[in-house]
Amino acid sequence: MASFGFMLMVVVVFLFLFQSVFSAVYSVGSFQSIGDGNTIVSKEGSFELGFFSPGNANSRYVGIWYRNIRVRTVVWVANRCNPINDSSGLLTINSAGNLVLLSHNNSLVWSTNSSEQTKKPIVQLLDSGNLILRDEEDGNAENYLWQSFDYPSDTFLAGMKFGWHSRKGLNQRLSAWKNWNDPCPRDLTFGFEFDPQLHTYPEAFILKGTTKLYRTGPWNGLRLSGAPELMPNPLYDFNFVDNDGEVYYVYNLKNKSVISRIVLNQTTSSRDRLIWIDAEQTWRTYSSLPRDECDKYAVCGANANCMINDNPICQCLKGFKPKSQEKWNSMDWSDGCVRNYPLNCTVKHEDGFIKFLSLKVPDTSHSWINKSMDLNECRVKCLSDCSCMAYTNTDIRGQGSGCVIWFGDLLDIRNFPNEGQDLFIRMSHLELGKADSKRRVVIVLAVIGSVFGVFGVLLLGYCICRRRSNDRNETLSQNEGEEEDLELPLFNLSTIAAATENFSLYNKLGEGGFGPVYRGKLEDGQEIAVKRLSISSGQGIKELKNEVKLIAKLQHRNLVKLIGSCIQEEEKLLVYEYMPNKSLDSFIFDKKQGKLLEWSKRFQIICGIARGLQYLHQDSRLRVIHRDLKASNVLLDNEMNPKISDFGLARTFGGDQTEEKTSRVIGTYGYMAPEYALDGLFSIKSDVFSFGILVLEIVSGKKSRGFLPENHGLALIGQAWKLHKEDSAFELLDKHLRESDNNPKQVLRCIHVGLLCVQQSPVDRPDMSSVVVMLGSESELAQPKPPGYFTKMDSAKGDNSLIKPESSSTNDMSISLLEAR
Ligand SMILES: *[C@@H]1O[C@H](CO)[C@@H](O)[C@H](O)[C@H]1NC(C)=O
Ligand SMILES: *[C@@H]1O[C@H](CO)[C@@H](O)[C@H](O)[C@H]1NC(C)=O
Ligand SMILES: *[C@@H]1O[C@H](CO)[C@@H](O)[C@H](O)[C@H]1NC(C)=O
Ligand SMILES: *[C@@H]1O[C@H](CO)[C@@H](O)[C@H](O)[C@H]1NC(C)=O
Ligand SMILES: *[C@@H]1O[C@H](CO)[C@@H](O)[C@H](O)[C@H]1NC(C)=O
Ligand SMILES: *[C@@H]1O[C@H](CO)[C@@H](O)[C@H](O)[C@H]1NC(C)=O
Ligand SMILES: *[C@@H]1O[C@H](CO)[C@@H](O)[C@H](O)[C@H]1NC(C)=O
């Protein structure tokens, strides 16, 4: 009894559902067959299907048109190229369940090709303008055996999937009518190019035959890259779907009473969106593609950028020059541009990228994508492939995600000032070197106020040195939004807060002149050290970000890597790789730990620091003077490789300290060159001096101490000089190293180089390149003069102010910054 009741209920519910689904589509629009002269109207009367003759022609076609528009506007044609001469046409369903168009004597004019067997086939015209064939007994009214939307003519209607379906073997391309009188296509088509093997980053083209006229650009998460007009608007909303062999773009009209369509027009070779203006009884163009000269496919040739507001509109991308200057000068851009410096794959690891902003990304015909890679992986992927020319995110939403890389020439790039995307284009290191020369920035001077009785540091100024650049008058106007490839992730404050457990004291590694340092762990497990800058910088956020990006550019195996930053409201955070082995001072000045660092390791460390410093001084894109090189600023990685930390910060943040903190001197007593400490003169040679001290410390395991009168000038430096003079410099070597494996020649050489680095006069000190060479060779070394700090000290008018900072920083704590350990 109960079960019977239940079954009855199921049946009733089923019938009810069936009925409601059914009645939604079952309408006057359905039929079994119609002849010429009869029409079918969709349920709500939007569209009508029937026989018609286009323009002045007499031939008969089956088509669909807007019912409420007096100007006959056909949106779909069945027998496009196969007209019927007379009124004998009959549209009907044949015994195989297909929709067929027959003419006299039942000759077949046109047919659908559904292969599914159906019990009760039915044809319906929907209010979307879609003509469908379905099985009346199939409960799912959306289960179409065939639909006209899959086989569009020249019109793209709302709700139509415009794209590609690999399983169904569909490619919904628009093809324009030959002319007003003939709906048969000629050669103009519009559709997505997609190929699961080759063309995996789909984009649509307007083609004339096989010639590309216009390209929409690929979907970037927000819009098609070449279609800035695809933004939220009152007329329609839109979407793009790319999954599992199905790729399509679709739009829907927001207001049912507005009539709009997209049509491909052979006469104008354009794809137009039109709106029906009822008051004027006319279609008005809402938008049209291509919209301007720059939209013409590859109008500027390969590797060039089209800028519609420039004259001429074409310019070679930075790093490229016209292939034929003569043709280019005569405004024939078809040959495009070639590299100033060809890529040389044998040194591919030296290639880099220039970041271009605000572009429509290049033709993706020769591209490769991986939607789960991030920008860094993408860069690596690109570098690893000699034919990779450029890369960027596939999805620009938020921070950006996914990876697309391009092979070969970059085609059809244009500039969209506001809606363009970033593109990273590969450049030879020669090109990048040239670009650098324009922005080498050298800090030359800093004045230590204490020397003059004013406590604190005053940054005198930056000196922008324009190095001789051998190139032509290169204007930057072509790429206003251009900047160098930086790749520095901006972290969200929430990410960093989570990684450091809300900057918990437990995770605090230390406190320095610019604020505390925290240890943290990112979600992906990477350990980080976060420097929380407590400066209230006078700089704007933008300038600050630029500075951080500059620091981020300094990349060398002997420099601690800055992996990101977070500049959000009041927080200014720098995120570094975490160095588990702490800093050099915790080894060399510690009896127990010191034993872990045998001589060969120490020598490696000395050489590594030298190379890192050489890079900062000479090889990096910015010329950076560290100003605070010391043992605690040299961190050690897992393999005890030295990594210099805190470089570039003094440059960036040193000038903006708040009142209380100006009492901090940039630099650390014991490491400061005399001309810096006394006269405030700062140069790469004062870093060399600090390096010399550091070498002596690493060799001896002793702290340099301050150069203070009460030390009688005989701190480490004096001792080294004395022993060197007495030909017994070997005695300077750390006691326990003297008894273990060492290389006396190397030890003496290091001490000798160390002494050369701490010469009184900056001129007498070698630069870091020479230091690297001296350490690595066995050549004769110049004899050092006495390290002259103290003679100067004696004449320093008995100024005691130097003692103050020393007494308040007894542990050699950096006065400016704290190392990230
Ligand atoms: C229809 O027109 C075609 C070409 O115009 C012609 O070959 C054919 O004989 C015509 N058929 C009839 C029945 O008029
Ligand atoms: C129809 O077929 C019949 C016989 O096969 C033929 O005599 C007649 O001419 C055909 N009519 C047309 C219009 O082709
Ligand atoms: C069905 O017909 C269309 C043209 O109307 C054709 O492009 C398609 O390949 C056909 N499909 C099959 C399975 O024959
Ligand atoms: C839809 O368009 C009609 C005619 O243009 C207009 O009168 C109406 O206010 C619009 N409705 C909405 C919700 O925008
Ligand atoms: C194509 O554009 C021309 C010129 O604007 C116009 O006269 C013609 O009607 C258009 N054709 C279609 C099919 O819209
Ligand atoms: C590539 O660079 C290497 C090393 O700099 C050089 O030896 C080689 O000749 C270069 N090859 C080309 C084709 O420029
Ligand atoms: C895409 O990238 C992810 C993340 O790097 C990787 O795990 C995956 O194997 C890649 N897929 C392909 C097809 O290369």
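Order of appearance sets the numbers: ligands from 1, and atoms from 1 within every ligand.
Geometrically, Arg273 engages Tyr251 in a cation-pi contact defined by less than 6.0 Å to the ring centre and at most 45° from the axis. In this structure, Arg271 forms no cation-pi arrangement with Phe156, as its terminal cationic atom is not both closer than 6.0 Å to the ring centre and no more than 45° off the ring axis.
Applying the side-chain hydrogen bond (donor to acceptor under 3.5 Å, both in side chains) rule to pairs touching residues 397-408 yields Asp395-Arg397, sequence neighbours excluded. Each salt bridge (charged side-chain N to carboxylate O under 4.0 Å, His left out) pair with one or both residues in residues 287-300, not counting sequence neighbours, appears once here: Glu229-Arg291, Arg291-Asp295, Asp292-Arg414, Glu293-Lys296, Asp295-Arg414. Applying the salt bridge (charged side-chain N to carboxylate O under 4.0 Å, His left out) rule to pairs touching residues 49-62 yields Asp36-Arg60, sequence neighbours excluded.
Note: no N/O pair closer than 3.5 Å links Trp368 and ligand 7 by distance alone.
Heavy atoms from other residues, nucleotides or ligands lying under 6.0 Å from CG of Asn255 number more than 12.
The Met373 neighbourhood of ligand 7 comprises atoms 2 (O), 5 (O), with distances under 4.0 Å to a heavy atom of that residue. The distance from ligand 4 to the heavy atoms of Ser257 drops below 4.0 Å at these ligand atoms: 1 (C), 2 (O), 3 (C), 4 (C).
Ordered by chain and residue number, the residues placing a heavy atom less than 4.0 Å from ligand 5 are Trp180, Asn265, Thr268.
Ring pair Tyr391/Phe424: centre-to-centre distance below 6.0 Å.
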